Amino acid sequence: MSRPLVAATRGDLDAALAPARAQGRSLALVPTMGALHEGHLALVARARELADVVVVSVFVNPTQFGAGEDLDRYPRTWDADLAALAGAGVDVVFHPAVSEMYPDGPEARGVTVDAGPLGGELEGAVRPTHFRGVLTIVTKLLGLTRPDVAVFGEKDYQQLVLIRQATRTLCMPVHVVGCPTIREDDGLALSSRNRYLTADERRRALALSRALRAGADAGAGGADAVLDAAHTVLEETGDLDVDYLTLRSPELGELVAGSEARLLVAARLGSTRLIDNIAVRLGAGEDR
Ligand code: PAF
């Protein structure tokens, strides 16, 4: 296991990547906020398949947290993260300070990346500034790294769709690759926030993946059947504060009957907010 090069500044990152650029080796970026789990390591494994050199950024981005959200308590597990990335064969880890990414401070009014209409829906309806923060930091990371490929998890599905939209709209020369969600054996989607859950909340959280599974299994019956099946599971569990359960096209637009779709759910358990989603193949039933 060779230790990755750790770059803390933009200059360090440039220096770490210079030999690869000079040799024309392809580059993959996996942006993360640390607190790494198997889901992140699956992204790294995919990145290694796709490019010669893998860069992982570990940066808890303040601008994607709204007032009263969990920025201060977001898990920071740098030593464990670095050990995991070394074990996964990562070449370069970019671990900048906030001042490196936001020289004028994260609160400074300046140029940001607007997430457009979809940025105000679903997660954006509950977290109005979230996707602006995500797209702004991802744009900076892509600009600094200039990767051929950037790898993101489907767990944050709306984020993935918006990053695809942003790179396309802003003409960024990067191929955005999405990777399937990694789950515990009982179906719970891996998330850095799962560690906030009490044992009882974790048990109740299983309703999310069960509802999605039930919905996907009902796909042949059309959109109404999908939503009914998923709602039934959520209602049976009770005690869940559901923000949304919705069925959309894979690009999160209008549904097309008899086509691919995405079922998405968000719920609060105590002070923790969880999201999950699943692909659904819709039959010819009623469109919604
Ligand atoms: O998915 C995440 O961990 C973050 O939103 C990302 C993409 C690293 C941007 O901070």
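What you see is a predicted model, and the numbers here were worked out from it, not measured in a lab. One-based numbering, in listed order, for ligands and for the atoms of each.
- Under a 4.0 Å criterion applied to the non-hydrogen atoms of T32, ligand 1 contributes the atoms 8 (C).
- The pair R10-D14 fails the salt-bridge criterion, with no side-chain N (NZ, NE, NH1 or NH2) lying under 4.0 Å from an Asp/Glu carboxylate O.
- Between F65 and Y74, the angle of the ring planes goes over 60°, which puts this pair in the perpendicular group of the 30/60° scheme.
- A salt bridge does not link E201 to R268: none of the charged nitrogens lies less than 4.0 Å from a carboxylate oxygen.
- For ligand 1, the polar-atom distance check against Q64 finds a nitrogen or oxygen pair separated by under 3.5 Å.
- In this model, no donor atom of one side chain and acceptor atom of the other lie less than 3.5 Å apart for Y157 and D276.
- Closest to atom 1 (O) of ligand 1, if we only count protein heavy atoms, is Q159 NE2, 2.8 Å.
- Neither the backbone nor the side chain of I163 has a heavy atom within less than 4.0 Å of ligand 1.
- Less than 4.0 angstrom separates some heavy atom of P31 from each of these atoms of ligand 1: 8 (C).
- Distances below 4.0 Å separate heavy atoms of I137 from the following atoms of ligand 1: 9 (C), 10 (O).
- Within 6.0 Å of the CD atom in Q23, the count of heavy atoms belonging to other residues, nucleotides or ligands exceeds 12.
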